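Fair warning: this is a prediction, and the values are worked out from it, not measured in the lab.
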Amino acid sequence: MASEDTPVERREITVRRAPKYVPFLILGGLVGIIVAAVIAFALPGDPSYDPNSVFGFFMVLFGAGGVILGAIVALLLDRLSVRRAEHAVVEAVPEDAPGTDPVDDDDSGTGTGRQS
């Protein structure tokens, strides 16, 4: 057969679960905003400052700090995923191999395909 004559292409790949950075950045920013709200509204402060102004100021500071901390956590998890990476060998499957045609998987045995 022709498919037996062709050499099988093998590649070594690295499989790892890398974190997505954007969710970590968003979560860090949201945690920073929540901390700013707690500091501005729950804790007693100077009565000469409006709590909304204090919240706005702290929201910028803690939001940016939370984004930075979220990025650091994502980088640490990325480094950890590099250490836990696994190596695998994959083989290319020829397109004319038996069992890859969806008609071959039909239970009726007629090979007529689907009816609408």
Kindly compute the distance separating [atom1] ([X]) from [atom2] ([Y]), expressed to the nearest 0.5 Å.
X     : Y     : atom1 : atom2 : value
Phe62 : Phe55 : CZ    : CZ    : 11.5 Å
Leu75 : Phe24 : CG    : CZ    : 10.0 Å
Glu12 : His87 : CD    : NE2   : 6.0 Å
Met59 : Ile34 : CE    : CD1   : 12.5 Å
Ile13 : Glu86 : CD1   : CD    : 10.5 Å

Are [X] and [Y] linked, directly or through other ILVMFWY residues, by side chains that come within less than 4.5 angstrom of each other?
X     : Y     : answer
Tyr49 : Leu61 : yes
Val22 : Leu77 : no
Val54 : Phe57 : yes

Of the non-hydrogen atoms in Ser81 and Arg16, which two are nearest, and what is the gap between them?
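Heavy atoms only, the tightest pair is OG-NH1, 2.8 Å.
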For a quick test of reading the model, state the closest non-hydrogen atom pair linking Ala74 to Pro19 and the distance between them.
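In terms of heavy atoms, the two residues are closest at O-CG, 3.6 Å.
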I would like to know whether Phe41 and Asn52 meet side-chain contact (heavy atoms from CB on, under 4.5 Å); could you show each step before the answer?
CA-CA 8 Å; Phe41 296 116; Asn52 291 328; 3.4 Å; yes
Are Phe58 and Ile33 close enough that some pair of their side-chain heavy atoms sits under 4.5 Å apart?
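Counting from C-beta outward, Phe58 and Ile33 never come under 4.5 Å.
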Quick check: do Val35 and Ile39 have side-chain heavy atoms less than 4.5 Å from each other?
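Sidechains of Ile39 and Val35: in contact.
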Ion pair present between Arg17 and Asp78, side-chain N to carboxylate O less than 4.0 angstrom?
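Salt bridge flag = no for Asp78 with Arg17.
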